Every structure is written in C-alpha cells, then in structure tokens.
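None of the values given here were measured: they were computed from a predicted structure. Protein chains get the first letters and strands the later ones, always in sequence-line order, with residue 1 at the start of each.
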Number of protein chains: 2
Amino acid sequence: MGPTVEETAIRSLLADSGWSQLPQACLEDVLAAGTIVQLAQDDVLPGRVAIVLQGVIGAFRGDDLAQAAVTALYFPRDLIELDDLPDDGVDMLVAMRPAQVLSLPASALHAAMHKHAPLAQEVLTRVKRQAHDLREHVAELTGKAPEHRLASFLIWVSEVTDPTGDQLSFELPMRRYDMARYLGMQPETLSRKIKALLATGAISLRTPSNMVIEDREALVSLARSARRAA
Amino acid sequence: MGPTVEETAIRSLLADSGWSQLPQACLEDVLAAGTIVQLAQDDVLPGRVAIVLQGVIGAFRGDDLAQAAVTALYFPRDLIELDDLPDDGVDMLVAMRPAQVLSLPASALHAAMHKHAPLAQEVLTRVKRQAHDLREHVAELTGKAPEHRLASFLIWVSEVTDPTGDQLSFELPMRRYDMARYLGMQPETLSRKIKALLATGAISLRTPSNMVIEDREALVSLARSARRAA
DNA sequence: CGCCGTGTTGAGTAGACTCAACCCCAGTGG
DNA sequence: CCACTGGGGTTGAGTCTACTCAACACGGCG
C-alpha cells in the first residue's frame, strides 16, 4: 500500500519548514501515528496534540466559547502541543475557518520524540518559538494602541498566509469578531480602525475578507510606533 | 574540594520542584557548568539561559528599557531559555529587584540535555508550561478590566513568592512602575486600583511593598470576573 | 539640607466601550 | 422568483474610564 494522495500533500506541505530537516523515517512514524481530521468552522479540536495542515486554529480560554479570549493562533505547519498542562477545562482549540489538522495521540508524539532525537529537538525549538511569539503578543497588548496592534497583525497575517507570494494580497483567516478578541478590542472598534486604515489608503478590501496591502511602508511604521510615542 | 555553601543552598532550593526528579549526576553537570551571578536592580542579565535562584527576572521587550513592555516574569526555580530565538536586540532580561541566577552557557545546557534524557524532558515541560502561562496572561490582558487583572496578579504573586506559608502576607517583588507595565496599565491607574482594593478591605499594606491579603475570597472572585460580566 | 527616585493625587481629555439600529448577503422555503 | 431569516459586519450616539500631564508627598542618601 503506497502513500495516499493526502499523505503526499502533507509531505510537500511540511517540506519547506523545519520539519524537512528531520530524517525520513521520523516523518513516516509521525504520519503513521496521526489521523487527518477535517474541521468545520467553530469545531472544537479533539485531542491536544496536532499539526495544522490547512486553515487556522485558535486557542480559546474561557468557560463560554462565545465570549472566551483568543490567546494564540496556529497556522499551517504549526505544532499544537498542549498536553501535560493543567487542564481546568477552560482551554479549547477551535477552527477559525474550515481547517484540516493531523491529530496525534500525545503518547505517539512522545514515543516518536524518544526514538528520534532530531524530532525532540524540533519540538522544543517550536515550543520555544511559540513562547517567544506569545511574549511579543503580550508586548503589543500592553504597549500599543489598537490601531498599531491592527497594523502589526495585518503584516503578520500577510506574511504567514502567503509565504511564497508578494504578500500584498491575502485572505483574512477568521471572522472580525475573533480578530477583535485576539487583538484585545471590541468588534466595533476593530471595524472603525479598519475603516480608518482604508481611508488612509494603506490597505484596501477586494471582498470583506480579501485584503490588499497598498502601502506596506505606512503599515510597518504604524506597527512600530508605541503607544506613547509621538 | 567539596560543595560550597552556595551550592548546597542551590540544591535545597531546587529540591522541591520538578528539578528534584532529575538524577543526581544530571544536576551536578548543570551546577558545574553554571556560574552564579548576582544582579542589582535594573541589571541586565548577561546570556540568555539561566535558572533563577533569588528575586524576580523580567523579560523586557522594546528598544528603550525605560518604556519597554514587561512580557513575562521569572520567579525562583524558573528556567530562562531564550537562545535559538530571533534576537533583534529588543529582548532583554532585567532584574526587577536584586537577584541571583545560575547563568548557563546555552551550549552547556544543550550538552547536558543530550546526555541526560530526563533533563531534556524537564526543559520541554517547563517551556510548555511557560507558553501556557503566557496564553493565560494574554487572556487576562484581552478579556479583563484593570482591577480584575490586578486581583489575579496579586493572588498569583502571593502563591509563588510564598509557596510554603499561608500566602497571606508577601513582598511585592517589583516596583509599581514595572507592575503596571506587566499588567498593561499606567502607574497612576495601578495606584488608584490598589487604593480601591485597600478601601474594600480585601488587602492591606504593612509597608508600600509588603502586602497582606485580608479577604482572599473577595480577591478570587474579582479575579474570576470577566470584563463584560455583571 | 537639598536632591533624586519612587509613588500618589488631581483635573481634564481622548478614546474605547456599550447598546441599539441598520446593512448586506447566503440559504431556505413558499 | 421572491419574501423570509439569521449570521456577520458596520454605523451612530452616549457614557465611562483609562490615559495624560502636572503637581505634590515621601524616604534614603550624599
């Protein structure tokens, strides 16, 4: 039984990120242990260990999903590793849009890490990187005004959703409501800030969810400015 | 040459957390590779890998230290592991008060992790735990009002600074200014919120930096309430 | 004693929040 | 074919509160 079409697609997806540095046998073990899960929007991810293949997965925190905080975003190729953590039932992984993930039993990942040292190294590097990104996000939340956070977010999304292209046109991978919660503001405020950005000509919208960056320079300089800077 | 007084102290410090699960030889290797560094307040930690022994280390992010964001706090027994990360020169580790750390060369930690599998496991667990705490902090910043964040912070600090005692009386391990930046508010706002808490009788101050929790229940219920909850 | 770092208080403003109404569009069913 | 419906998004008006800037209080130290 040869590799299925899906497996081939996964291999090519993982080929250009850190995963590709791993020995072939290691990747095979991971693929063999995992199952591909299709998620509709707002579906909760079963399990707490996975690799994102398509779409965006959000880490929600709060009793009620409808008004929970969005604390982190996982894009394709990202590793989700939330086992071994105190689970008081308030953390959930939810698909922001229809998504596809490679779900892994925590035990399978641990076994593979034990067997393949490079995999263990890669996992540690990724988790460290995620912690770093979270610190950066905290810095934005505590030190930047809403419009600056928005500009920063748009640049980030444009880079990760279109890593090969010119990064000027891209799809917003989630609802306004979820964007607003991730950015720590109200949906109405987000809407007004987007409107303001449109007015300056820095961005434009082809459709409500398809954005074009017209003036990356302006956006970057907005993203860089701190709250109390002139 | 037997262990110095300091080394004995370190061993007892690490004895009651996850570190104690490690084999003795592993701890010895780490201790041998590290150097104990004394830091005065506002000193920048040289290197990017360390274990906190005394005091609190803050992760700052921003060009200018004076108005950088405080993104994370490291308490005694915590592992600081910031190597391998994109270092654009805007991340710094600073002592919030006079502190003592066991500074390790990144290469030494890597070597020890390679040699001792349990250490590698422990490091991964700790980094995952830190990422989890950061997500929790993000949730607070995006979803809670300043007074709720303050209540939550005080409970947290009381637990980590006095893990053995009754956790009702403790030292605030940093300046108001740094607390405010960590909590995403202005020093003036923080001052007013503390004043408000004092007025309710939930807390009291023996000295400006020595706090007593008078009514933990009230504080906990404050910390739990979300922004838009009644 | 005066200085400096730190923290608090006061007054005024700007900006995010709240609540409500409205728009737009895709899906649905008569 | 078209009214109906509901989710998602935007707009508007008013309120509230955190921010800003300035002055002041306090304690340690030269």
Side-chain angles (χ1 to χ4, degrees), chain A residues 40-43 58 65-67 69-70 94-98 140-150 171-199 203-211 222 225-230, chain B residues 40-43 65-67 69-70 94-98 140-150 171-199 203-211 225-230:
Chain A
Q41 181 167 317
D42 293 330
D43 274 359
L65 218 165
Q67 57 184 34
V70 180
V94 182
M96 310 297 257
R97 292 279 192 221
E140 308 232 310
L141 288 170
T142 60
K144 288 187 180 171
E147 53 261 40
H148 305 151
R149 299 204 291 267
L150 172 59
E171 284 288 318
L172 292 172
M174 60 186 80
R175 285 185 291 237
R176 294 278 192 278
Y177 188 70
D178 294 316
M179 268 179 67
R181 282 190 296 177
Y182 178 71
L183 292 172
M185 62 184 88
Q186 304 303 315
E188 297 93 328
T189 303
L190 175 61
S191 179
R192 287 182 242 268
K193 296 304 175 188
I194 291 178
K195 192 183 171 189
L197 267 190
L198 288 170
I203 60 171
S204 62
L205 289 173
R206 281 214 267 260
T207 73
S209 71
N210 188 300
M211 182 170 286
L222 243 189
S225 52
R227 170 169 291 173
R228 50 178 65 208
Chain B
Q41 182 166 318
D42 293 329
D43 274 359
L65 218 165
Q67 56 185 33
V70 180
V94 182
M96 310 297 258
R97 293 277 193 226
E140 308 232 310
L141 288 171
T142 60
K144 287 187 180 170
E147 54 260 41
H148 304 151
R149 299 203 292 268
L150 171 60
E171 283 289 317
L172 290 172
M174 60 187 81
R175 285 183 292 234
R176 295 277 191 279
Y177 188 71
D178 294 316
M179 266 180 68
R181 283 191 296 177
Y182 178 71
L183 292 173
M185 63 184 89
Q186 303 304 313
E188 298 93 328
T189 303
L190 174 62
S191 178
R192 286 181 243 267
K193 296 303 175 188
I194 291 177
K195 192 182 171 190
L197 267 189
L198 288 170
I203 60 171
S204 62
L205 288 175
R206 281 212 267 259
T207 73
S209 71
N210 189 302
M211 183 171 286
S225 54
R227 169 169 292 172
R228 53 178 65 209

Checklist outcome for this item: In short, A/Arg149 meets A/Leu183 closest at the heavy-atom pair NE-O, 2.8 Å

Item to check | Interatomic distance, A/Met96 CE vs D/dG8 P [rounded to whole Å] | outcome: 12 Å

Checklist outcome for this item: With sequence neighbours left out, the residues meeting side-chain contact (heavy atoms from CB on, under 4.5 Å) with B/Ser191 are none

Checklist entry - Does a side-chain N-to-carboxylate-O contact under 4.0 Å join A/Arg97 and A/Asp178? => result no

Checklist entry - Do you know the tightest heavy-atom contact between B/Thr142 and A/Ala69? => result OG1-CB, 3.6 Å

Item to check | d(CD, B/Gln67; P, D/dC19) in whole Å | outcome: 15 Å

Item to check | Given B/Glu147, B/Glu140, B/His148, the one that forms side chain to side chain donor-acceptor pair (under 3.5 Å) with B/Lys144 | outcome: B/Glu140

Item to check | Nearest non-hydrogen partners of A/Arg176 and A/Leu205, listed with the distance | outcome: NH2-CD1, 4.1 Å

Checklist entry - Whole Å only: how far is the CZ atom of A/Arg181 from the P atom of D/dG9? => result 11 Å

Checklist entry - Atom CG of A/Leu172 to atom P of D/dG8: distance rounded to whole Å? => result 16 Å

Hey, what are the protein-to-nucleotides 15-17 of chain C N/O distances that come in under 3.5 Å?
| from | atom 1 | to | atom 2 | distance (Å) |
| --- | --- | --- | --- | --- |
| C/dA16 | OP2 | A/Lys193 | NZ | 3.0 |
| C/dC17 | OP1 | B/Arg227 | NH1 | 3.4 |
| C/dC17 | OP2 | A/Gln186 | N | 3.2 |
| C/dC17 | OP2 | A/Thr189 | OG1 | 2.9 |

Item to check | Atom pair distance, as rounded to whole Å: CD in A/Glu188 and C1' in D/dA13 | outcome: 13 Å

Checklist entry - If you look at every heavy atom in A/Ala40 and A/Ala95, which pair is closest and at what distance? => result O-CB, 3.6 Å

Report, one pair per line, the protein and nucleotides 3-7 of chain C atoms (nitrogen or oxygen only) whose separation is under 3.5 Å.
| from | atom 1 | to | atom 2 | distance (Å) |
| --- | --- | --- | --- | --- |
| C/dT6 | OP1 | B/Arg175 | NH1 | 2.8 |
| C/dG7 | OP1 | B/Arg176 | N | 3.2 |
| C/dG7 | OP2 | B/Arg176 | N | 3.3 |

Item to check | Closest non-hydrogen atom pair, B/Tyr182 against B/Leu141 | outcome: O-CD2, 4.3 Å

Next on the checklist: In this structure, how many angstroms lie between the C1' atom of D/dA18 and the CG atom of B/Leu183, rounded?
Outcome noted: 14 Å

